[in-house]
Amino acid sequence: MTVFYEYKRITTKKNLIFQEVIVNGWVRYFRSNRFIIMNDGSTLKDLQIIVMESNFSKELLKKITIGIALQIRGIFTESTGKKQLAEVISTVIQIYNKVSVSEINKTILQPKFHKPETLRDQAHLRFRTKLFSSIMRIRHQLSFCAHEYFYYQGFFYIHTPIITSSDAEGVGGMFKVTIFNLNDLPKDDQQYIDHTKDFFGHETYLSVSGQLEGETAALSLGQIYTFGPTFRAENSNTLRHLSEFWMIEPEIAFYEITDNMNLAEDILNYFLIKILKRCKEDIYYLKSKEDMLLERLQLIVDNSFCRISYTEAITILTSQPKIKHTIHWGIDLLSEHERYLVEHFCRPIILLDAPAEGKAFYMRLNDDEKTVSSMDILFPRIGEVIGGSQREERYELLLNRMQTLDIYEKPYWWYLDTRRFGSVPHSGFGLGFDRLVQFITGILNIRDIIPFPRTPKNAEF
RNA sequence: UCCCUAAUAGCUCAGUUUGGUUAGAGCAUUUGACUGUUAAUCAAAGUGUCACAGGUCCGAAUCCUGUUUGGGGAGCCA
């Protein structure tokens with residue numbers, strides 16, 4: 001039987017020395033007509049293949065170019081070179097497909113420095129680069145860690161719908177979902193668009209959050225989480241916004257805000273500890289691009305988060321002459337303020353009890369009747385990584401709140417029902433998965449840590 | 001969406017301030033030499049719609065207007 005080896009498996013196994021192996025991969029470069037440097041994506045490390053010139057025809061060697069895929073049969077041997085412990089001395093080289101040299105010269109596959117924007121322009125090829133493959137391995141590991149954490153904590157993974165009819169946050173832009181021919185829209189008697197003729201019989205959108213559905217599940221199953229794509233049709237052009245991003249949303253019955261904070265802090269710590277342990281190689285590679293990466297990650301692990309209320313934050317900020325933007329109780333904190341707080345305390349901030357005005361309708365009203373039981377977790381560089389709250393479990397108060405905010409309550413009848421039949425205190429939050437990947441990898445632009453970024457004016461791949 | 005800024009060879013950039021003849025460099029590529037190298041080295045060669053559209057001028061990569069796209073900052077948020 002033919003045994004194929006991943007580099008990840010063989011490069012660490014000494015007992016394979018002098019054995020015959022078969023490896024596949026893509027050529028990164030071919031040096032001195034003797035050393036083929038290949039990678040199969042399983043690990044950051046490249047595998048060096050030794051070519052004994054006399055064993056192969058010139059025609060064959062000429063076809064081996066950057067970017068080509070090869071299968072090598074050979075003997076796994078200790079290397080006499082300094083940069084690798086072992087290598088493969090080839091006996092058979094099989095080329096999968098020819099590559100046009102003039103064409104490949106136009107791609108990012110040539111072993112050179114490319115700006116992140118250039119890599120993004122060839123998003124389909126950037127998986128082959130050391131930088132992006134490192135990020136992808138970390139991203140994968142982080143997804144797995146999320147499921148692992150919740151699994152061992154007894155949470156249930158719930159698949160909330162991607163197509164919804166409700167606007168969970170009251171946040172601005174949502175993507176409409178329709179099967180209508182936009183050049184020929186069905187109209188009713190008053191010449192308004194007749195949504196009853198659309199696929200679902202009413203207006204539908206791509207979900208901006210699985211929270212409302214998540215709450216209904218939590219209020220039966222106890223502890224649940226969702227982990228899926230989320231869509232925002234906002235015209236945000238920043239380093240940390242995507243139109244399509246991934247969010248982890250736990251929702252827990254009988255949890256009050258303090259339990260919620262503890263969970264959020266614990267899970268973030270868990271992620272960082274696991275990634276630092278499991279993705280050492282890739283993290284160290286990224287550190288070579290970004291000096292302070294490890295220190296920044298270690299800062300989170302070593303320090304408990306600073307928990308302060310919105311009101312306390314305002315007090316601190318008003319006494320600071322450095323702050324440019326004027327500030328008073330009631331305003332939304334600007335990114336300048338958030339950045340100041342994180343730097344001031346030198347660790348992540350959990351910002352509590354924001355003014356009710358401007359916060360979502362489902363957040364629980366505090367006894368002062370001015371603030372809600374909200375929590376935002378602020379990280380260095382990326383800002384808000386978690387936004388959550390204790391939910392308003394009191395039916396009358398929730399209804400009042402919706403009426404104050406002019407939210408038409410009828411479509412939310414099923415959500416309101418949860419407050420009528422065995423309502424209990426409960427809490428949850430949304431964790432921006434991509435922002436966390438961004439923080440862990442130290443990459444400046446969020447578009448460079450997701451395989452195929454969707455942002456305003458960009459959905460090519 | 002607003003403010004600032006940029007777009008020159010496959011890549012990374014110089015040239016633009018102060019318009020002037022044939023637009024440069026390094027790397028990559030091609031050809032040759034070498035063959036235990038580490039993004040090898042040496043020699044030679046080829047490579048441009050100066051983002052797009054219009055304008056000013058004897059003459060525009062360079063000045064002006066518009067458009068597109070990228071980058072930085074702000075807002076919205078995760």
Side-chain angles (χ1 to χ4, degrees), chain A residues 27-37 45-54 61-62 65-67 77 79-84 87 89 99-122 129-130 168-173 208-211 227 229-249 264 324-325 331-336 338-339 358-360 376-379 382-388 429-439 444-448 450 455-458 460:
Chain A
V27 174
R28 279 213 206 272
Y29 32 88
F30 184 20
R31 252 193 325 259
S32 305
N33 226 14
R34 189 183 189 90
F35 306 98
I36 303 173
I37 310 302
K45 283 201 187 82
D46 295 327
L47 186 64
Q48 178 159 282
I49 310 295
I50 308 299
V51 180
M52 295 302 185
E53 209 175 350
S54 50
L61 295 183
K62 248 189 137 88
T65 55
I66 289 167
T77 324
S79 176
T80 57
K82 283 172 195 159
K83 289 220 169 174
Q84 60 282 315
E87 60 198 11
I89 297 179
V99 167
S100 153
V101 175
S102 60
E103 289 301 309
I104 206 131
N105 196 24
K106 289 178 186 163
T107 72
I108 55 167
L109 296 178
Q110 45 176 313
K112 298 183 56 60
F113 171 77
H114 297 92
K115 290 192 291 186
E117 301 92 280
T118 311
L119 297 181
R120 218 181 294 147
D121 286 342
Q122 297 179 37
T129 63
K130 271 189 154 61
E169 305 276 349
V171 288
V208 293
S209 163
Q211 184 200 316
F227 184 8
T230 305
F231 306 88
R232 304 272 165 95
E234 276 143 13
N235 195 3
S236 300
N237 294 292
T238 76
L239 300 176
R240 43 183 232 275
H241 284 88
L242 291 164
S243 310
E244 177 181 312
F245 63 97
W246 287 67
M247 190 152 65
I248 298 171
E249 294 181 288
K324 281 183 203 156
H325 295 88
I331 64 152
D332 280 339
L333 291 191
L334 303 175
S335 55
E336 184 201 9
E338 294 181 351
R339 220 175 298 128
K359 281 289 182 184
D376 292 330
I377 302 191
L378 310 176
F379 263 26
I382 53 167
E384 192 175 338
V385 69
I386 279 181
F429 57 82
L431 188 164
F433 182 75
D434 308 274
R435 282 192 187 169
L436 191 61
V437 176
Q438 197 186 350
F439 178 76
L444 283 174
N445 196 321
I446 201 166
R447 300 164 198 210
D448 298 324
I450 185 166
T455 50
K457 305 262 189 289
N458 178 13
E460 183 175 1

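In this text, all values refer to a predicted model and were calculated from it rather than measured experimentally. The basis for the numbers below is simple: all heavy atoms, side chains too, and nothing from hydrogens, waters or symmetry mates.
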For this session: Compare all side-chain heavy atoms of A/T129 with those of A/H114 and state whether any distance is below 4.5 angstrom.
Result: no

Problem set entry | Whole-Å gap separating P (B/U68) and CG (A/D121) | 18 Å

For this session: Would you mind classifying the nucleic acid contact of A/N445 as base, sugar-phosphate or nothing, using non-hydrogen atoms under 4.0 angstrom?
Result: sugar-phosphate

For this session: Can you tell me, in whole Å, how much space there is between the P of B/A43 and that of B/C27?
Result: 10 Å

For this session: Could you tell me the separation between the CG atom of A/L119 and the P atom of B/G71, rounded to a whole number of Å?
Result: 12 Å

Seminar exercise, completed: Rounded to whole Å, the CD-P distance (A/Q438 to B/C77) equals 18 Å

Exercise. What distance, rounded to whole Å, do you find between the two P atoms, one in B/C58 and one in B/A53?
Worked result: 23 Å

Exercise. Checking only heavy atoms, does the side chain of A/D46 share a donor-acceptor pair with the base of B/U38 at less than 3.5 Å?
Worked result: no

Exercise. Tell me, for nucleotides 40-53 of chain B in 5' to 3' order, what letter each nucleotide earns: B for a base near a protein heavy atom under 4.0 Å, S for only sugar-phosphate near one, - for neither?
Worked result: B-------------

For this session: Could you state the atom-to-atom distance from CG of A/N237 to P of B/G73 in whole Å?
Result: 12 Å

Problem set entry | Any donor-acceptor pair under 3.5 Å from A/R240 side chain to A/R435 backbone | no

For this session: In whole angstrom, give the distance that lies between atom CD of A/Q48 and atom P of B/U35.
Result: 18 Å

Exercise. What nucleic acid atoms does A/E87 come within less than 4.0 Å of, heavy atoms only: base, sugar-phosphate, or nothing?
Worked result: base

For this session: Take the protein atom CD of A/E460 and the nucleotide atom P of B/U69, then report the distance between them rounded to whole Å.
Result: 12 Å

Exercise. Does the A/R232 side chain pair with the main chain of A/V208, one donor and one acceptor, at a distance under 3.5 Å?
Worked result: yes

Problem set entry | Among B/A39, B/U1, B/A78, the nucleotide that comes nearest once only the side chain of A/R435 is considered | B/A78

Problem set entry | Shortest side-chain distance from A/T238, nucleotide among B/G71, B/G26, B/A74 | B/A74

Problem set entry | Side-chain touch A/R447/A/Q438, heavy atoms, less than 4.5 angstrom | no

Exercise. What nucleotide among B/C76, B/C13, B/A78 has an atom nearest to a side-chain atom of A/K115?
Worked result: B/C13

For this session: With heavy atoms under 4.0 Å as the rule, sort A/S79 into base, sugar-phosphate or nothing.
Result: base

Exercise. Choosing from B/G10, B/U29, B/G75, which nucleotide comes nearest the side chain of A/K106?
Worked result: B/G10

For this session: Please state the C1' separation for the pair B/G59 and B/A74 - nearest whole angstrom.
Result: 43 Å

Problem set entry | Whole-Å P distance, B/U49 and B/U38 | 36 Å

For this session: For the side chain of A/N235, starting at C-beta, report the closest nucleotide among B/U1, B/A74, B/C76.
Result: B/U1

Exercise. What about A/Q84: does its side chain form a donor-acceptor pair under 3.5 Å with the base of B/U37?
Worked result: yes

Exercise. Within the pair A/R240 and B/C76, is there a side-chain N or O less than 4.0 Å away from OP1 or OP2?
Worked result: no

Exercise. Does A/K82 have a side-chain nitrogen or oxygen under 4.0 Å from the phosphate oxygens OP1 or OP2 of B/G36?
Worked result: no

Exercise. If you find the nucleotide of RNA chain B closest to A/H325 and the one closest to A/I50, which residue's nucleotide is nearer the 5' end?
Worked result: A/I50

For this session: Ignoring hydrogens and angles, answer whether the base of B/C11 and the side-chain atoms of A/T118 contain a donor-acceptor pair closer than 3.5 Å.
Result: no

Seminar exercise, completed: Of the candidates B/A78, B/G75, B/G10, the side chain of A/Q110 sits closest to B/G10

For this session: Report which part of the nucleic acid A/R28 touches: base, sugar-phosphate, or nothing (heavy-atom distance under 4.0 Å, all strands).
Result: nothing

Exercise. What integer number of Å spans the C1' atoms of B/U56 and B/C64?
Worked result: 7 Å

Exercise. Is A/I382 touching bases, backbone alone, or none of the nucleic acid, heavy atoms closer than 4.0 Å?
Worked result: nothing

Exercise. Using the C1' atom in both, what is the distance from B/G26 to B/A9, to the nearest Å?
Worked result: 12 Å

Exercise. Do the non-hydrogen side-chain atoms of A/L109 and A/Q122 ever get within less than 4.5 Å of each other?
Worked result: no

Problem set entry | Parallel, tilted or perpendicular: ring planes of A/W246 versus A/F227, cut at 30 and 60 degrees | perpendicular

Exercise. In terms of side-chain heavy atoms of A/P111, which of B/A39, B/G36, B/C76 is nearest?
Worked result: B/A39

Problem set entry | Face-to-face stacking of A/F245 with B/A78, centres under 5.5 angstrom, angle under 30° | yes

For this session: Rounded to the nearest angstrom, tell me the gap between atom CG in A/L444 and atom C1' in B/G70.
Result: 15 Å

Exercise. How far, in whole Å, is B/A45 from B/G24 if one measures between their P atoms?
Worked result: 15 Å

Exercise. How would you label the contact of A/G430 with the nucleic acid (heavy atoms, under 4.0 Å): base, sugar-phosphate, or nothing?
Worked result: sugar-phosphate

For this session: Could you tell me whether A/S102 contacts a base, only the sugar-phosphate backbone, or nothing, with contacts defined as non-hydrogen atoms closer than 4.0 Å?
Result: nothing

Exercise. Picking from B/G36, B/A78, B/U29, which would you name as closest to the side chain of A/R232?
Worked result: B/A78

For this session: Report which part of the nucleic acid A/E336 touches: base, sugar-phosphate, or nothing (heavy-atom distance under 4.0 Å, all strands).
Result: nothing

Exercise. Contact class for A/H114 (heavy atom, under 4.0 Å): base, sugar-phosphate, or nothing?
Worked result: sugar-phosphate

For this session: Could you check whether A/I386 gets within reach of a base, just the sugar-phosphate, or nothing at all, counting any heavy atom under 4.0 Å?
Result: sugar-phosphate

Exercise. Between B/U68 and B/C52, how far is it from one C1' atom to the other, in whole Å?
Worked result: 7 Å

Seminar exercise, completed: Mate of B/G54 across any strand shown (Watson-Crick or G-U wobble, both atom pairs under 3.5 Å) is B/C64

For this session: Counting heavy atoms from C-beta on, name the nucleotide in B/G72, B/U69, B/G36 closest to the side chain of A/L239.
Result: B/G72

Exercise. Quick one: is A/K62 getting a side-chain N or O under 4.0 Å of the B/G32 phosphate, OP1 or OP2?
Worked result: yes

Problem set entry | Rounded distance in Å - CD (A/E244) to C1' (B/A78) | 14 Å

Exercise. To the side chain of A/E117, which of B/G71, B/C11, B/C76 is closest?
Worked result: B/G71

Every protein N/O lying under 3.5 Å from an N/O of nucleotides 3-9 of chain B:
none

Exercise. Any side-chain heavy-atom pair from A/H241 and A/T455 closer than 4.5 angstrom?
Worked result: no

